[in-house]
Each structure stands twice: as C-alpha cells, then as structure tokens.
Amino acid sequence: MIYDHKKIEAKWREVWEKEEIYKTSKNPKKKKYILDMFPYPSGATMHVGHLEGYVATDILSRFYRMRGYDVLHPMGWDAFGLPAENYAIKTGIHPDKSTHDNIKIFKKQLDVSGLSYDWDYEIDTSSPEFYKWTQTIFIKMWQKGLAYKKKAPVNWCPKDETVLANEQVVDGKCERCDTPVIQKELNQWFLKITDYADRLISGLDGINWPEEVKLQQKNWIGRSEGRIIKFDDIEVFTTRPETVNSATFIAVAGESDKFTGRYVTNPATDEKIPVWEASYVMLDYGTGAIMGVPAYDERDLVFAKKNKIKIVKKPYTKKLIGEPKVNYHLRDWLVSRQRYWGCPIPMVYCKDHDWQAVKFEELPVTLPNDVDYNPRGKSPNASSKTFQEGAKCPICGKKAKREVDTMDTYVDSSWYFVRFVDPKNNNKIVSVEASKKWLPVDEYVGGGHVVQHLLFARFFWKFMHDEGLVDKSLGDEPFLKLRAPGWILGPDSRKMSKRWGNVVTPDDIIPKFGADTLRVYEMFMGPFDVVKVWNLTGVEGANRFLKKVWRLFQLPINPACAGRNSQLSNNEINYKLHKTVKSVTEDIENYKFNTAIAKIMEFVNVLTVHSSQITVHKLGILAQLLAPFAPHIAEELWQNVLKQKGSVHASEWPEYDEKYLVSNEMNIAVQVNGKLRGQITVPTQIASDELRVKTLAKKNKKVAKWIESGRIKKEIFVPNKLINFVV
RNA sequence: GGUGCGGUGCUGGAAUUGGUAUACAGGUUAGUCUCAAAAACUAAUGGUGGCAACACCACGAGGGUUCGAAUCCCUCCCGCACCACCA
C-alpha cells in the first residue's frame, strides 16, 4: 500500500466531523483557550504565510486535548472593513455579499488544511447579532464618560474620503492607499484610552509576551514625566526642569522659524527671553511650546546657533519650579468613520438634549441596505431613506437624528475574543459562567506587529473588567501568552504579493502533497517567530518524511525477534523512545515546532534502521507524537494499521518515564587543555565517580599521547560529561 | 538619530544555566535498481594538508574573562524590525 494523501485526508476529515471529535466541552475542568487573531476575509485568497499561525494553534490545541485539557479553539471573521466597500464601489456588489462569499472560500481553505476549529463558536463581526454588543459596549463607555464627541482637527484621506486614526497614517500618508493625508476640522467620536495609559504600561509586567512587542506597546504609549513651567502666559512642558535657569528662548509650534517680537520672563532668572516660532516644535505634544535650553539640548543648540540666540550654561537649579506633569504620546482613540461597511454608532442627536445613546432594548441599530456607498464626503448612511426611521430622543421622546458615521473596525476586534466564549447569548455580551469557564485567553497567536490591535483590545478588556462585564476574578489582562509567527517570504525572498507573482497558496500545495505535508513543512522551516523563505524542495522533503513514516508502519511487526538482528538493546531503544517523548512534549509547549519534528525524524530513523525492534507500542507512540503535526496520516496509521480503538486525537498523550532516560553507558569527553582529545565510554554507575573516570581517561591511547610529556597541573571533572587535564 | 533582535557548512537551521560545534532537513557527488527515467535505497559531504593514521584552522571581525566561549564582557562591521523632530 502506498501513501495516498488524497484518500486519507478527505476520509478522515469526514469522520472527524461526523463523530464531532473537536466539539468544545460544555463543562471544562482544566481549560485552555487557544486563539488565532481572526482574519479579515479579503478577496485575495489566503496564502501559506497566513496558515503558519493557524497550524501552530492547531498543533497546540490537539496537543493539549491529548493531554487532558478542555480546549476552546474557535474561529471567526473580522468582517467589516474598507476593502469590501471599495470593491462594492467598483463592482456594485454589496459588501455583505462579497464578504460572505469570501468567508466561504476562507473556511474551505481552513478545512482542507485539517484545522480543528469548533465551528459552533464561529462569529462574524458584521452580523447584527454581534454588533448589537459592540454598540452596547460603546454606550456603556459613553455612560462612563469614556466616549465623547468633539470638534477636532483630524487626519483626512482625500481619496478614501474618510478620517483616519493616527495609527493609520504612515509617513503622512494613508496606510491603505498611500495618498497624502490632510488636516480637516470635524465633529468626531473619541474613546478615552488615555485614561488607561498607566495601566496599559504596568499590565505588561505580568504577561508572557515577546519583549519586543511589550516594548512597542510602551513606545506607543510614550510616557514621560516632567513639569509644566510658566513663562508669563506661556506654558511649556519639560522633562529636565532643573535646566530652566539655562533657558534662553521659548519656541512655540509654527510652520517656519521666525521671531514673534515678544519677550517673556524666565521664572528662574527673571531675565527677559525671546519667543520664537519653530517648526521642530509640535503642536499636539505637551503644550505645543518648549523652553529652549541650547546648553543642554542638541536641537535647541542647533536652533540657537542658526538664529544667533545666546547660549548660557548654568549649573542645575536645586529647587524645581512648576507643576509635575506626565505626558503621553498616546492620544484618545478617534473611532468615527465616514464609511458604510462598519458598525453604526448607536447615538442620536436631540435638539434639546444634545447627543444621547439609543436605548439598550432598541439595539442593534442596523445598517440600512438602501444606501449609495459611493464616497461623497459624508457617510453613506446619510443617503438612506430608512435609516432615520424611528429615531427618537430617549429623554423627551421627540424625533431625533441618528449618527450616520460608523465605527473603526478595530473596535470590533477589540472585544471579539470575549464573545467567542459565549457567541450565541441573546441576553448579554457574555454570561458570567462562560467568561469564568474560558477567559482569559491562554495562548494568543498572530502578528506581533499589530501594536494597535493589542493596545485597543487590552483597553477594552480593562474597561469590561472594571465594569464587571467579564468576571473581575479573571484579572485585568486578556492575553496571558502571545506569540507572533515570522513572515513567510516568497521563493524569491520577497514579501508575497500579486505584484511579484510569488504568492504560494495552500491550493498550490495540498492537491499534490497533502495538507499533512504542508503543515509539517511549515513547522519544520525554521523557528516559529523568525522570517522564513518558501522553498519547494523543502516541501518535497517533508513529503518524503511522511512517506518514510508510512513505509515504516508497513514493515512486519514481530516483537519476538526484537533485539536479535539489532545492535540496539531494549534499554537503548527505550532510552531513545522516552527521550523523544520528553523532547517533543517540551518543544511543543515552547513553540519549538521545528526541533520537535526533527526529534520525531530521528526516532523514525532509529526504528527504520533497527526494524527488528518495531512493536505496536512504539509505533503507537510515534503516531501519537505525529498526530498534532500531521493529523490525517497519524489517524490512518493509528486506526487502520495499528487497529487502535478510537481516534488518535482523542487518545492520551504518551508519558515518558524518567527511569528509561538513564542509559547503561555514558560517553565522557576527555579534554587536554580544553581541547577534545578522546572519548571514553563508561558504565553509567561510575560516570560521576571522578577517580575511576580519571583513571580510565588516562589509559586512553589518544589521550595518553597528549599528557605523557608533561605533568598534569590541574584536573577539571564534570560528572557524566567530561574531564579536562591541564598540563 | 533612538531602541530592540540577529550574524553558525553550499542552503534552512540544531546546540545559549559556559562543557564532545554543525542535530534534523535541503542541495550536491558517487553507487544500487532500471532499456531509460522517476521513485526508493546506500555512501560521502565545514576548510586546508596528507595514501592514511592524524594535525591545524573554522560559529561576522578584533580583543578580554575562564581549565574550557557559538554561549559571558568590551570595541567595531553588517543585516532586519519598530519608533522617529516626543521637549
């Protein structure tokens, strides 16, 4: 029988679905919530890079299930967003239709990859059942004063005709279309994330995240401690108040560098100093004005020299003046979007009562279908004839006007992981029981570069936690552990893109090699978190490995002749078996999937060479170790070749026994002056006996040659490992 | 400019509580099988010298600590990522 991945994979996926082996426990005892960052179902198909993280969480989910954990491993769709709307403008196809068509394709791709999601927990942020609760949370924030509307200069993209958050402006350009962003005064809704700035920093200490991602969060928040000092009516912010007596000018934010003609008093010296406009001072940081201290600050020095301002260097003052103040780079989050395909902001405007929230029982405020979503500088919802129907002030009951803007899609992804634990609850965002059963997220996998998503999601969680919307006992961080897969580059070492024609999709690989090969290759490519280059010969290598495993299982099993035509004793092979189980277990826990596979390969090689040692027991363990990585072939081998009862994925993960991890003999390295000169093999019992090892080592011919000429000055003995003679 | 991460065979990478460098793959070469090819299998594969035993040299470069350094410290070079007039 040859390895026919097509037959095997389709067959087992059908069986798994019928037998519902991935259904989530209703009553978890030992829980693990394992989560991917959910995808935006775009028109471009998923490529092998997207799959990397999904395979990793699938391996973890299968592994922890086998270890007796109750696992929640859901998947859903970040379905609102600009691309679907832009597509609609171009083609006339409604975003709801194109998005859901895409979801079907994505889901199919995930399925053929053998991913063990429980689709009963699927969510879709564009469904009224979901966004009803997005609106609920928005209103709860408004009630707490955390959502407010104000006129503000905002970043405006003239091409997309929408405002952008600071985070969506890259080098002064729109992150989506690269159009230069302009400033425009508009009335906008903001969320007061700045109230949480300090907690968003301090919370990082207790969570298991990559240091670089934590650092990015800290930089983004950009906390700096300093003082506000008054120079007459001009306030400046400084982090070095002790240098105020050396301040020789004031600079306020301006377009070009020029003297204003004004002078103000330096409160530390009582001297009159000039007020300048300077382009290097930013309007929206601190007070928009600085004190110029050319003696201690490089940029101030450059400015002073250029404009012939005097430079004075005095020792620091001991007495600090001004008021202590903490400044942040982080701004309040602008969430209004003048767009259609998003969650409507559930607010109404009443002439007498200003902005009011729609009553909870009237939610959701649904997106109208009768809109013209061509951009005309205002929200498409304003063009709907039905959208304003029934809008009334919750206080006086008179007719009111609905907010026509929608929310930034980052709002949806800021709390979706909460909804996943109780996705069908019609009465609450999430029930207390469900939140206590599963939250917080234990393993979160996705791009570490998404600073904003992680910051916003932590902010929402902290709010929900403070308000008791999720149980307070769950702590105030939502993602206990985070790991980010490294990019997979195309075969030409460039980022996969249509433009380069170097996109590799699962459909390019699975029909020919199978999902198991794809999964094994992706995990074997290199360390999970580093950038890797796609290489087809590597895929063939992974396929060769699975074929080799297949052939190994076809060999006759005959325990009676074990040890007869093999140089390996039972003890030795048990040592290798148990060591493999130990390392694979530890490697999976630590996301070291590449070395886990390498160790399985080593064991396969051992069994292939010493085929007389093959037993059902050993092959069974091998199939189990392989199961998280290559679920289909493992199942076929487990059930059909080894005739085991039930699914390998429902079997109990093998335990290793410490007693087998001690072999009979040990290799001791012998060094002379730190250089390896020989090796001796000694019985394990004496491997830590310095005197006996020393005696044996000196007798070794190769070693003797190097020590005969001189007297041994020193001997260093590391038990079980090595002995070093210094001559 | 700042901060962080990294640099190991022909290639991807193992090895980091200091203790036998190059696990596991990929590639290449030779061989077996075949009319031939593919597949599969076997062997070799860091460099230099040597028939060989063996020796010396190699973990970006240089230095240091140590009996012993890919691993720790210092200086420099290179690459990647994020932030960037942040007062």
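Only a predicted model underlies this, so the values are computations on that prediction, with no experimental measurement involved. In the text below, chain A, chain B and the rest are named by the order of the sequence lines, each starting its count at 1.
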Remember a base hit wins even if backbone is also touched, and classify [X] as base, sugar-phosphate or nothing at under 4.0 Å, heavy atoms.
| X | answer |
| --- | --- |
| A:V670 | nothing |
| A:L722 | base |
| A:K325 | nothing |
| A:K713 | nothing |
| A:E602 | sugar-phosphate |
| A:M291 | nothing |
| A:R227 | nothing |
| A:V718 | base |
| A:K702 | sugar-phosphate |
| A:N724 | base |
| A:G222 | nothing |

Picking from [options], which would you name as closest to the side chain of [X]?
| X | options | value |
| --- | --- | --- |
| A:R299 | B:C86, B:A25, B:U20 | B:C86 |
| A:F524 | B:C24, B:A84, B:G26 | B:C24 |
| A:K548 | B:C41, B:C24, B:A84 | B:C41 |
| A:N594 | B:A14, B:A40, B:C86 | B:A14 |
| A:N667 | B:C24, B:U20, B:A55 | B:U20 |
| A:I290 | B:C86, B:A87, B:G19 | B:A87 |
| A:V726 | B:C86, B:U20, B:C67 | B:C67 |
| A:K705 | B:A25, B:A15, B:A55 | B:A55 |
| A:K714 | B:C67, B:C57, B:A25 | B:C67 |
| A:W706 | B:A87, B:A55, B:G12 | B:A55 |

Using whole Å, report how far [atom1] of [X] lies from [atom2] of [N].
| X | N | atom1 | atom2 | value |
| --- | --- | --- | --- | --- |
| A:L555 | B:C41 | CG | P | 12 Å |
| A:N535 | B:G26 | CG | P | 11 Å |
| A:M523 | B:A14 | CE | C1' | 18 Å |
| A:L301 | B:A87 | CG | P | 17 Å |

[atom1]-based separation of [M] from [N] [nearest Å]:
| N | M | atom1 | result |
| --- | --- | --- | --- |
| B:U29 | B:C35 | C1' | 25 Å |
| B:C59 | B:U8 | P | 11 Å |
| B:A15 | B:U20 | C1' | 11 Å |

Could you report the tightest heavy-atom contact between A:W220 and A:L455, atom names first, then the distance?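 Scanning both residues, the minimum pair turns out to be CD1-CD2, 3.7 Å.
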
Of all heavy-atom pairs between A:P294 and A:K310, which one has the smallest distance, and what is that distance?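 Nearest heavy atoms, A:P294 then A:K310: CG-O, 3.9 Å.
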
Test of ring centre spacing under 6.0 Å for [X] and [Y]:
| X | Y | result |
| --- | --- | --- |
| A:F545 | A:F524 | no |
| A:Y656 | A:H578 | no |
| A:F303 | A:F249 | yes |

Pair assignment for [N], Watson-Crick or G-U wobble, requiring both distances under 3.5 Å:
| N | answer |
| --- | --- |
| B:G4 | B:C80 |
| B:A55 | B:U48 |
| B:A61 | B:U75 |
| B:A36 | none |

Between [X] and [N], does any side-chain N or O lie under 4.0 Å from OP1 or OP2?
| X | N | value |
| --- | --- | --- |
| A:R544 | B:G26 | yes |
| A:K721 | B:G19 | no |
| A:Y285 | B:A87 | yes |
| A:N605 | B:A25 | yes |

Which residue, A:Y280 or A:R551, contacts RNA chain B at a nucleotide closer to its 5' end, judged by nearest heavy atom?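 Result: A:R551.
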
Which comes earlier along RNA chain B counting from the 5' end, the contact point of A:T595 or that of A:M282, where each point is its nearest nucleotide?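 Looking at RNA chain B, the more 5' nearest nucleotide goes with A:T595.
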
Is the NZ or CZ atom of A:K495 positioned over A:W487's six-membered ring, under 6.0 angstrom from the centre and within 45° of the axis?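 So A:K495 does make the cation-pi contact.
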
Please determine if A:R240 and A:D297 form a salt bridge, counting it only when a charged side-chain N lies under 4.0 Å from a carboxylate O. no

Quick one: sort the A:F259 and A:Y263 rings into parallel, tilted or perpendicular, breaks at 30° and 60°.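 Ring orientation, 0 to 90° scale: perpendicular.
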
Determine whether any donor atom in the side chain of A:Q671 lies under 3.5 Å from an acceptor atom in the base of B:G19, or the reverse, and answer yes or no.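 Yes, a donor-acceptor pair under 3.5 Å.
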
Is the glycosidic torsion of B:G50 within 90° of 0, making it syn, or is it anti? anti

